[in-house]
Structure formats: structure tokens, C-alpha cells
Protein chains: 2
Amino acid sequence: MNKYTKAEKIRINSVGWMMKMISTRLDSLIKQELKRLGLDLKQFGVLMALLEEEGLTQTEIGKKITLPGYATTRTIDALEKKQLIERRTDERSRRSYRIYLTDKGHATGPELFIIINKVNEDLLSVLPATERKQLTTILQKILSAGFA
Amino acid sequence: MNKYTKAEKIRINSVGWMMKMISTRLDSLIKQELKRLGLDLKQFGVLMALLEEEGLTQTEIGKKITLPGYATTRTIDALEKKQLIERRTDERSRRSYRIYLTDKGHATGPELFIIINKVNEDLLSVLPATERKQLTTILQKILSAGFA
DNA sequence: TTGCAATTGTTGCAAATGCAACTTATAATG
DNA sequence: CATTATAAGTTGCATTTGCAACAATTGCAA
């Protein structure tokens, strides 16, 4: 017979389970780093989306970072109150806003990039370059196939 | 110059970011599947931990699935109310419980395994066997190195 | 042994979350 | 056009969450 129970085999071999474990840890690390900027994970996500492309609607932002509408609204409320972003009227449609970073918002960019790089380095530190590349390629493949 | 902004490069190349994206999607898929069992993600985690090994203390369960103490308490409260698990006194220590699955709890095992397998299959469907193996190996390496 | 520190688990309460309903605006259809 | 459907965004409210304080027990060290 086998020295593992069924559940143990699953935990050890399940890519999904392992990804969730790692992701939980990533959240915790990032949250920790964000604390000194006074930001939370959602705000971080919205800022990253806008650093990538400004002038998005709220819905577009939500899609990009997988955030439901009501949460996007509230996160943008919070970021606007901190004066990191601003809602501008969309001249093509009166029911949507176009979201832009303020100068203060742009200034957070470098700090956020540092956090991401630091966390990625932590995550990948045990892997040689070959495996880092393999992992990157594989994840890109999964995502570009429409998963998430 | 480069056709990508800095943030876009990060999003595309960041292993951490991609993992978080995928993990969010995994949560959503699993949550969806769990709905018909009347369970949430935390309860799912606790049950998986116990299917792997019974008789753990609450703290041990929390460590295994990365759940803080207060959440473990409440999740176990809920599972006990559903009669899927039971708290037994620990004869070695009067401040901790040993948690066991009930018959009803054991019976959920196969259903949970099916969910995991299904979600994993979705996740990996675009990858050939070689890459599946690579990914598994790499993730195991990261985790066994103490990340998470 | 006694006193202090650490562990285990629980809980009150404020804050965050998620659902569903809602408003307003645009698109589509006859 | 008028009507209906869809989309964008907001919000009330109940539930869930997370922090911090707590009680109870055990470990440790003087």
C-alpha cells in the first residue's frame, strides 16, 4: 500500500492547492509592505492597473484586476480621498468615469514596483534561472489561454 | 524605446502577479463548486487538513492551511454545527482540543477530491505533460524551501 | 515552588465585504 | 420613436472579517 493518505497526495501534488498556498503568502508579504504606504491590496491593484494604462473606466479597471463593480467603486472612493487618483467625466458617455492618476498617484509607482520586485525575488530565490523562465512561460501560457 | 510601459512589463512578467491572478480564479471556481455542498473556502481547507490527518489541534490545523487562530475557531464552530467534525478533549493538555471528522465529515472526502481534481484539470488543460510536471516540481521546490 | 512568559483558544466590537436593489444612462429592437 | 434590454456605477444592509483584549492552561526559570 501507500504511505500517503489520499488527501495528503492531493495536497502535495495539486498545482491548484500549492498555488493557493503561495498566493496567500504573497498577499501577506505585499500587505505587509503596503502598510507603510497606507494602502491595501485592492488599492494596490487599482494603482497598478492605472500605472499600466490611464483613462480606464471603473469597469475596465475591475476586469483587469478581477474586482467586482461594487468593490471597484469603493476602492476608487478611497484612492480619490487620498488624492492618488481622480474621476474625470467621460465625454462619450455620461454614465461612466475615466480614471486618472494624480501627480501624487504617479509618484507611488516606483514604490510599488520596488515592492513587487522584492516579493518576486523572495518567491523565486530558490530557483535557478532556467526554472524561473520555465515558470514564467508556463504561467503566461495558462493566463493567455483565458484562465482568469 | 520600448512599447511597454513599466507597469505593463511588470504585470506580464511578474510571477507573483500572475500567481495571484490565477489564484483568484481558482478561489472563484472552487467557491462555485462548494456552494452546492454548503461549504466555504475556509471550511474546505479545514476539512482537507483533517482528511489528511485527524486529531490535530486547532492551531495545527491553522498552520497547515494558513488560517489565523480566530478564524480557525470560527470555522471549526461552523463545521461542528454542521456535524462534520467534532472537538475532543486532549488528555495531554486541557487547553487544546483534538479535532476529528464525523462519519458525515469523512463522507465529504470524495466530493472534495472531485472538486480539486476538476479545478486542477481546468487549470492545467492547456499544458502538455512535460510542462505540468515542470510546474509541479517548481512549486514543490518553492514550498519546501519554506515559502509559505 | 513561585512567579513570569508563552500557548491555546475564544470573543466583543469596529471595519470590511458581498449581495441585491437601485439610479441613471446608453443600446437595441420592433 | 417608444419600449425594452443592457450597461455603469452606487448604496443599504446583513454577514463576515480582523484586531485586540481576554481567560485558562502550561512551560520555564530563578
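Numbered from 1 within each chain, the chains take letters A, B, ... in sequence-line order.
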Tell me whether the side-chain N/O atoms of B:Arg94 come closer than 4.0 Å to OP1 or OP2 in D:dA24. no
Any Lys/Arg nitrogen of A:Lys82 or A:Glu80 sitting under 4.0 Å from an Asp/Glu carboxylate oxygen of the other? no
Counting distance alone, no hydrogens or angles: does the base of D:dA24 have a donor or acceptor under 3.5 Å from a partner atom on the side chain of B:Arg95? no
Roughly how far, to the nearest 0.5 Å, is the NZ atom of B:Lys20 from the CD1 atom of A:Ile22? 13.0 Å
Sidechain N-carboxylate O distance under 4.0 Å for A:Arg132, A:Glu121: yes
Roughly, in whole Å, what's the span from CG in A:Asp90 to P in D:dA7? 17 Å
In whole Å, what is the span from the NZ atom of B:Lys63 to the C1' atom of C:dT8? 11 Å
D:dA8, D:dT10, C:dT8: which one has an atom nearest the side-chain heavy atoms of A:Ser96? D:dA8
Below 4.0 angstrom, N of the basic side chain to O of the carboxylate: do B:Arg87 and B:Asp77 qualify? yes
Which part of the nucleic acid, if any, lies within contact of B:Lys31, taking any heavy atom under 4.0 Å across all strands shown: a base, the sugar-phosphate backbone alone, or nothing? nothing
Kindly write out the residues that satisfy salt bridge (charged side-chain N to carboxylate O under 4.0 Å, His left out) with B:Lys64, not counting sequence neighbours, or none if the list is empty. B:Glu52, B:Glu53
Under 4.5 Å between side-chain heavy atoms, counting indirect links through other Ile/Leu/Val/Met/Phe/Trp/Tyr residues: same cluster for A:Leu139 and B:Leu127 or not? yes
Positions of residues 67-89 of chain A (non-hydrogen atom under 4.0 Å from DNA chain D), listed by number: A:Gly69, A:Tyr70, A:Thr73, A:Arg74, A:Arg87
Looking at D:dT26, C:dG9, D:dG9, which one has an atom nearest to any side-chain atom of B:Ser93? D:dT26
What's the CD-P distance between B:Glu91 and D:dT25, to the nearest Å? 17 Å
Any B:Lys42 side-chain nitrogen or oxygen under 4.0 Å from OP1 or OP2 of D:dT16: no
Rounded to whole angstrom units, what separation is found between the CZ atom of B:Arg98 and the C1' atom of C:dT8? 11 Å
Round to a whole Å and report the spacing from CG of A:Leu41 to C1' of C:dT17. 14 Å
Any side-chain N or O of A:Gln58 under 4.0 Å from OP1/OP2 of D:dT10? yes
Salt bridge between B:Arg88 and B:Glu86, side-chain N to carboxylate O under 4.0 Å? yes
B:Leu39 CG to D:dT16 P: how many Å, rounded? 14 Å
